[in-house]
2 protein chains.
Amino acid sequence: MTRSETQDPDIAGQLEAAATAQERFQIMYTVLRDRISMLDYPPGTQLSEEVLAGEFGISRSPLRKALQILEADGLVLSQQGVGTLVTDVDLDELAQVYQLRMELNELTGSLSPTLADDSLKTLFASMRLRAERLRATPDRQAFARLNIDFFHAFQLLTENQPLRDVSEKLFYRTCRIWLTLIPDRDLAAEVAIFSDEILAIADAVTVGDVGAAAHIRRAHLSMGFKRLTEMQQAEGAQAG
Amino acid sequence: MTRSETQDPDIAGQLEAAATAQERFQIMYTVLRDRISMLDYPPGTQLSEEVLAGEFGISRSPLRKALQILEADGLVLSQQGVGTLVTDVDLDELAQVYQLRMELNELTGSLSPTLADDSLKTLFASMRLRAERLRATPDRQAFARLNIDFFHAFQLLTENQPLRDVSEKLFYRTCRIWLTLIPDRDLAAEVAIFSDEILAIADAVTVGDVGAAAHIRRAHLSMGFKRLTEMQQAEGAQAG
DNA sequence: GAAAAGATATTTGTATACAAATAATCACAA
DNA sequence: TTGTGATTATTTGTATACAAATATCTTTTC
């Protein structure tokens with residue numbers, strides 16, 4: 001049994017239960033994007049259409065749609081005769097995406113900010129809890145998972161749907177860089193920093209200050225990018 | 001011979017000449033997006049896969065990829081048993097997209113602004129010329145075409161590729177609203193306003209002030225949205 | 001005449017066979 | 001041994017037949 005199968009039991013069953021083609025597409029797209037983001041499929045991995053279709057219990061045709069959208073997202077690259085390969089995140093792309101994401105996060109606080117209601121506060125309270133648990137026992141997978149889940153929680157702070165869509169595409173375009181770059185010895189430190197960010201933002205949401213939450217997030221994005229570039233240089237120095 | 005064929009002569013020939021599948025996709029995607037944006041395919045139009053495949057001289061398979069990306073862009077909606085229909089732009093969507101676009105245009109001037117070199121100045125000079133000609137003899141199609149072309153010229157003012165990509169998707173999501181809402185009696189007035197915008201921005205680019213160009217653009221986006229909502233209300237009042 | 005039920009037609013979704021492109025392998029010669 | 005050419009294998013791209021879903025038309029019944 002492969003790792004991904006332990007994560008996503010019986011995708012074939014879910015697909016069979018889905019009523020419409022759109023639902024089936026959504027399942028396949030989400031599963032594949034998640035596997036790429038969680039490094040179940042590290043950069044360079046070949047995603048064979050035939051193998052995936054077999055696992056999902058369908059033919060290549062509907063699967064190809066999911067792969068084509070992922071290609072438009074920049075997560076994979078398909079070439080005839082070569083294969084469909086998970087893309088790598090290069091530093092230039094990372095810098096540009098982070099530059100833009102910082103500004104967009106600012107907009108999350110100012111453009112149609114959500115009214116912080118009880119359900120939202122409950123959600124961020126659960127994020128706070130997960131952050132504290134993760135800090136107690138750092139773990140790469142759990143870190144990546146919380147990073148993704150917290151992003152989606154943060155998305156709820158704006159009502160502007162296009163802004164949400166755009167932010168999501170940008171997030172998934174580079175989020176796996178953390179798992180690829182953080183060395184084991186720095187994991188606890190990174191987890192602690194991330195945990196602090198979540199706690200601070202959760203506090204801001206609890207008191208209903210969405211704008212403050214956005215500013216904190218922006219600051220952490222900026223510092224996070226700086227640390228990522230340092231990790232990248234350290235890795236390059238080690239290799240060279 | 002249909003109208004679109006007079007616009008895009010011999011797509012089938014272009015597709016046959018293309019070397020790779022990616023090029024063929026790019027041709028089909030661009031042609032279809034352009035036809036939707038220019039209202040060759042007004043909202044509600046059914047885009048039959050079989051008919052389009054026939055026109056392009058290919059089978060449904062490669063065509064479907066283009067339609068699927070257009071669906072992800074929000075320009076068409078495919079439903080089994082119904083068809084692939086060009087979407088309509090509703091006012092809520094328009095408002096959210098314009099809100100975001102205004103902020104993004106601000107970023108065009110501040111985030112990695114391009115150095116205004118000679119080729120860029122030449123491009124904006126040609127835009128100025130087209131604007132003046134359009135003002136002399138207002139025309140719906142020419143107005144829409146210049147709107148699209150000027151957008152692409154403006155895109156060159158930032159080096160940030162993700163920002164370009166995002167801005168482009170947002171632009172095409174709503175740009176046909178102008179052709180659908182402007183009444184014939186207001187065409188000359190709208191052309192004059194748009195022409196003024198181009199002249200002002202071209203001036204800013206000519207003196208090398210990209211930031212100023214962005215601010216002008218933002219102001220016109222804001223006023224443009226206001227006029228669009230007024231047109232929409234006027235149309236609604238006429239219908240009701 | 002109207003409404004409902006069924007049959008028919010139309011359209012996208014899916015499966016599959018084959019084509020095209022690339023990569024890998026192997027044979028062979030220098 | 002190494003390089004080169006041809007051959008084979010692998011993979012995505014394309015064409016096509018069929019399935020599934022929806023809409024439309026027809027018929028029937030009240």
Please pick, from [options], the nucleotide with the shortest atom-to-atom distance to any side-chain atom of [X].
X	options	answer
B:Ala21	C:dT14, C:dA15, D:dT14	D:dT14
B:Gln46	D:dA15, C:dT16, C:dT11	C:dT11
A:Pro62	D:dT11, C:dT14, D:dT14	C:dT14
B:Arg60	D:dT12, D:dT14, D:dA17	D:dA17

Does [X] reach a base, just sugar-phosphate, or nothing at all? Heavy atoms under 4.0 Å.
X	value
A:Arg24	sugar-phosphate
B:Leu47	sugar-phosphate
A:Glu50	nothing
A:Thr84	sugar-phosphate

Output the rounded distance in Å from [atom1] ([X]) to [atom2] ([N]).
X	N	atom1	atom2	result
A:Leu77	C:dA21	CG	P	17 Å
B:Leu52	C:dT12	CG	P	9 Å
A:Phe25	D:dA20	CZ	P	22 Å
B:Glu16	C:dA20	CD	P	12 Å
A:Leu63	C:dT14	CG	P	11 Å
B:Lys65	D:dG13	NZ	P	6 Å
B:Gln68	C:dT11	CD	C1'	15 Å
A:Gln22	D:dA20	CD	P	18 Å

(message) The test is side-chain contact (heavy atoms from CB on, under 4.5 Å); show your working for B:Leu120 and B:Leu157 and say whether it passes.
(response) CA-CA 9 Å; B:Leu120 203 62; B:Leu157 296 182; 3.6 Å; yes
(message) Quick check on DNA chain C: between A:Ser59 and B:Glu49, whose nearest nucleotide comes earlier from the 5' end?
(response)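 Going by which nucleotide is closer to the 5' end, it is B:Glu49.
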(message) If you assign B:Ala19 and B:Val82 each to the DNA chain C nucleotide with the nearest heavy atom, which residue ends up on the more 5' nucleotide?
(response)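 First, find each residue's nearest nucleotide; the 5'-ward one identifies B:Val82.
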(message) Between A:Glu168 and A:Arg33, does any side-chain N to carboxylate O distance fall below 4.0 Å?
(response)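 Yes.
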(message) Between B:Asp73 and B:Arg173 (salt bridge meaning N to carboxylate O under 4.0 Å), is one present in this structure?
(response)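 No, this pair does not count.
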(message) Tell me the closest heavy-atom pair linking B:Pro162 and A:Leu170, and the distance in Å.
(response)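 Nearest pair, atom of B:Pro162 first, then A:Leu170: CB-CD2, 4.0 Å.
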(request) Taking all non-hydrogen atoms of both residues into account, name the closest pair between A:Pro183 and A:Arg140 and its distance. (result)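 Heavy-atom minimum between the residues: C-NH1, 4.1 Å.
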